[in-house]
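A short write-up of the structure that comes next.
Letters A, B, ... are given to chains in the order of the sequence lines, protein chains preceding strands, and every chain is numbered from 1.
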Amino acid sequence: MGKSLFEKVWEAHAVREMPNGQTQLLIGTHLIHEVTSPQAFGMLRDQDLSVLYPHRTFATVDHIVPTNELAEPYSDPLAQAMIEELRKNCADHGITFFDTNTGKQGIVHIVGPEQGITQPGTTIACGDSHTSTHGAFGAIAFGIGTSQVRDVLATQTMALNKLKVRRIQVDGQLAPGVYAKDVILHIIRLLGTKGGTGFAYEYAGEVFDRFSMEERMTVCNMSIEGGARVGYVNPDETTFTYLQGRPYAPKGAAWEAAVESWRSFASDPDCTYDDVVHIRAEDIGPTVTWGINPSQAVFIDETIPTVQEGKTESDRASIEEALTHMKFAGGEPIKGIPIDVAFIGSCTNGRLSDLKEVARYLEGRKVKSGIKAICVPGSQAVSRIAEELGIDQVFKDAGFEWRGAGCSMCLAMNPDKLVGDQLCASSSNRNFKGRQGSPTGRTLLMSPIMVAAAAITGQVADAREVFDLLVPTASA
Amino acid sequence: MALEPITHVTGRAVFVPGDDIDTDRIIPARFMKCVTFDGLGEYLFYDARHTPDGDPCPHPLNDERFAGASILVSGNNFGCGSSREHAPQAIYRAGFRAVIAESFAEIFFGNSTQLGMPCITAAGPDIRRLANALENRPDLEVTIDVEADLIRFGDDAIPGEIRPGAKHVLLSGHWDPIQDLLDGLPEVEATTARLAYMRES
């Protein structure tokens, strides 16, 4: 009987069964950032513990960094205190810190892959729920709380219960104008926000075989929005090609050995899964959320549901709560709703390929007057390459603000926030009430290209019509 | 070194209705600009408890009748979204010692258990029965019996389940695993030695 990648990685990293019945699992790679690590370092000090393997923890700063004020001290003293605390903790414990002056700073889930730190067959943890992103490489990557950050710092392990594995197989050919973001929004719409609880999601099928690494990352990133703490894609030639030559990737003879080992972690064809879901790529359209959780989504040519469409009492209450917050009427088309803000960025869609694809269509067009449009590259490296390619200029010419790297308006812990009940077309991952910094602010999740279409037309729009995306194009 | 076993949680309870109550709702991100968890309790459900101008608005946690409650009761998929431990920390620091809900999001559940704050699931109709009883008698004493998988209130009781692994660590006083993890360090070294990528280059 074959094994899934999840089982193989789990077995390779299982340290022992603990007296309480949980597994003590080795976490090979630990990523930290300024928001969820300071308290963990505080716990180490209080409990007189040290960092066991400093060379396996990597830090960056992303959530609180201002994107239009790059010099310190930041005008927000709390943000300044947080970056200084991280700097000090990394220096005290000998941890590599991709600080703002290194040219390598950025969103933790973008930095790990681009530095080649994220590798197949490994275990990764980070105090951030979008750590599932790293699963795109065939790693098992967990979002964790701060007490577990302490556990990993002190012991390089965590106490865990094994997850079940659901294979989500998407076969066929995505239509023009349908992107990785639409695939994951569609999966969450089908399986619900808690459908993945207790599961690791294995994404597979022809669509994932063809996807670039960055497209795979977009999908794995949002696993947690479907309730799955872990999501992954089996490693293949696309994975190895992406990693070769990156700063932390193995070199020379070690590279060959690593690739051979990585290949062996892929799920065996005869392995069994706890559940399998099949989706046809042709059934997926450009998707937009209309509510206050990521499963509340429709295709661009559909209408927003009415309360009566809820199947259960609880569904109806959820729809009503969402419509009230969003100030939408059930039954109205999603297309044509006027927006106030357009945001392109985040660990979901702030990578080079996202910005490149948008720039292809933005060239020669203008953001509609009155719309605030911002583009926040996911890392300094993304920003630098985009600038070398002239992509920044395309965005700026179109009327987008081009910002420094960080999480920015995905969760608005920096100065980039919605004001009042502004409606934001956003390439980020969460549409929760208040997520983008204003308690009454409203978020519509969609692909970057759909955000660009909304920015140009000033309303929720079908990117296929706005950009004339009728002819199939090569995968971005 | 075992901690205090958690066999029962007893106190008054408050029902915060709704499904998919996410961690941004529990503790909005702007209150996470801090380097300790101190003081988070006062920002629990801040945006749901205040108008945009910052005045208190109707919310179960603003209802005087439920002041001092130590058990939080809610709906499906409670604690979904971010992995921020700030969410269970805010709940704990606001005086709560257990959460009862129809279901919990994975990371929230683990974070809460590790704080020694049990998360108990109960069926929707049973939660409504408890919520009705609380509405009629806000000072009702509620007891969660961790071992017996039972939630008692007044003369009534409903089944309340805690996943076996979590139940075991609560009852045995091993809900914070740090000492057990440290005890495994010799095996950690052995596992590390088998993995090429763990070597210091």
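Heavy-atom distances place both the backbone and the side chain of A:Arg435 under 4.5 Å from chain B. Residue A:Gln148 touches chain B through both its backbone and its side chain, counting heavy-atom pairs closer than 4.5 Å. When heavy atoms are compared at a cutoff of 4.5 Å, A:Ala14 approaches chain B solely by way of its backbone atoms N, CA, C and O. When heavy atoms are compared at a cutoff of 4.5 Å, A:Gln47 approaches chain B solely by way of its side chain, counted from C-beta outward. For chain A, no part of B:Pro28 is nearby; none of its heavy atoms comes within less than 4.5 Å. With a threshold of 4.5 angstrom between heavy atoms, A:His130 does not approach chain B through any atom at all. Contacts between B:Ser172 and chain A at a heavy-atom distance below 4.5 Å are absent for every atom of the residue. Heavy atoms of B:His50 lying under 4.5 Å from chain A are absent altogether. With a threshold of 4.5 angstrom between heavy atoms, A:Ala317 does not approach chain B through any atom at all. Both the backbone and the side chain of A:Leu411 have a heavy atom closer than 4.5 Å to some heavy atom of chain B. Contact of A:Tyr53 with chain B is made through the side chain alone, with heavy-atom distances under 4.5 Å. Both the backbone and the side chain of A:Thr123 come within contact range of chain B, judged by heavy atoms closer than 4.5 Å. In this structure, the portions of A:Met413 lying under 4.5 Å from any heavy atom of chain B include both its backbone and its side chain. If you measure heavy-atom distances from A:Met158 to chain B, the contacts under 4.5 Å come from the backbone alone. Residue contact with chain B, scored on non-hydrogen atoms closer than 4.5 Å, is absent for A:Leu160. For A:Leu163, the part lying under 4.5 angstrom from a heavy atom of chain B is the side chain only.
Looking only at heavy-atom pairs under 4.5 Å with chain B, the residue among A:Thr36, A:Thr122, A:Ile64 that has the most is A:Thr122. Ranked by non-hydrogen atom pairs under 4.5 Å with chain B, the options A:Glu321, A:His63, A:Gln24 are led by A:Gln24. With respect to chain A, the highest number of heavy-atom pairs below 4.5 Å among B:Arg84, B:His168, B:Gln89 belongs to B:His168. Counting heavy-atom pairs closer than 4.5 Å to chain B, the top residue among A:Glu85, A:Lys433, A:Arg430, A:Glu225 is A:Arg430. Most heavy-atom pairs under 4.5 Å with chain B: of the set A:Asn161, A:Val35, A:Leu49, A:Thr29, this distinction falls to A:Val35. For chain A, the option among B:Asn111, B:Thr51, B:Val35, B:Asp24 with the highest count of heavy-atom pairs below 4.5 Å is B:Val35. Among the candidates B:Asn77, B:Leu115, B:Thr36, the residue making the largest number of heavy-atom pairs closer than 4.5 Å to chain A is B:Asn77. Ranked by heavy-atom pairs shorter than 4.5 Å toward chain A, the options B:Gly165, B:Cys34, B:Gly18, B:Pro17 are led by B:Cys34. For the set A:Thr197, A:Thr155, A:Leu78, the count of heavy-atom pairs under 4.5 angstrom toward chain B peaks at A:Thr155.
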*Does the pair B:His86 and A:Gln39 meet the rule for a side-chain contact (heavy atoms from CB on, under 4.5 Å), with working shown?*
CA-CA 10 Å; B:His86 303 66; A:Gln39 301 87 350; 3.4 Å; yes
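Once rounded to the nearest 0.5 Å, the distance linking CG of B:Asp19 with OG1 of A:Thr193 reads 8.5 Å. From A:Met43, atom CE reaches atom CZ of B:Phe37 across 5.0 Å, with rounding to the nearest 0.5 Å. Atom CG of B:Asp47 sits about 14.0 Å away from atom CZ of A:Phe432, to the nearest 0.5 Å. Going from atom CZ of A:Arg229 over to atom OG of B:Ser83 covers 8.5 Å, rounded to the nearest 0.5 Å. Distance check, rounded to the nearest 0.5 Å: OG1 of A:Thr157 to CG of B:Leu181 gives 4.0 Å.
For the residue pair A:Thr440 and B:Pro52, the shortest heavy atom distance occurs at CG2-CG, 3.8 Å. Closest approach of A:Ala154 to B:Ile178, counting heavy atoms only: CB-CD1, 4.2 Å. Contact record, B:Met32 with A:Met82: O-CE, 3.5 Å, taken as the closest heavy-atom pair.
Between A:Ser147 and B:Glu85 the shortest side-chain heavy-atom distance falls below 4.5 Å.
Among residues 184-197 of chain B, the residues having any heavy atom closer than 4.5 Å to a heavy atom of chain A are, in sequence order, B:Gly184, B:Leu185, B:Glu187, B:Val188, B:Glu189, B:Thr191, B:Thr192, B:Arg194, B:Leu195, B:Tyr197. Residues of residues 94-110 of chain B lying within less than 4.5 angstrom of chain A, judged on heavy atoms, are B:Ser103, B:Phe104, B:Glu106, B:Ile107 in numerical order.
A salt bridge between B:Lys33 and A:Asp76 is present, with a side-chain N of the basic residue lying under 4.0 Å from a carboxylate O of the acidic one. Checked for salt-bridge contact, A:Arg16 and B:Asp183 miss the test: no charged N lies under 4.0 Å from a carboxylate O.
Of the candidates A:Thr146, A:Ile144, A:Asp151, A:Asp151 is the only one forming a side chain to side chain contact (heavy atoms under 4.5 Å, CB included) with B:Gln114.
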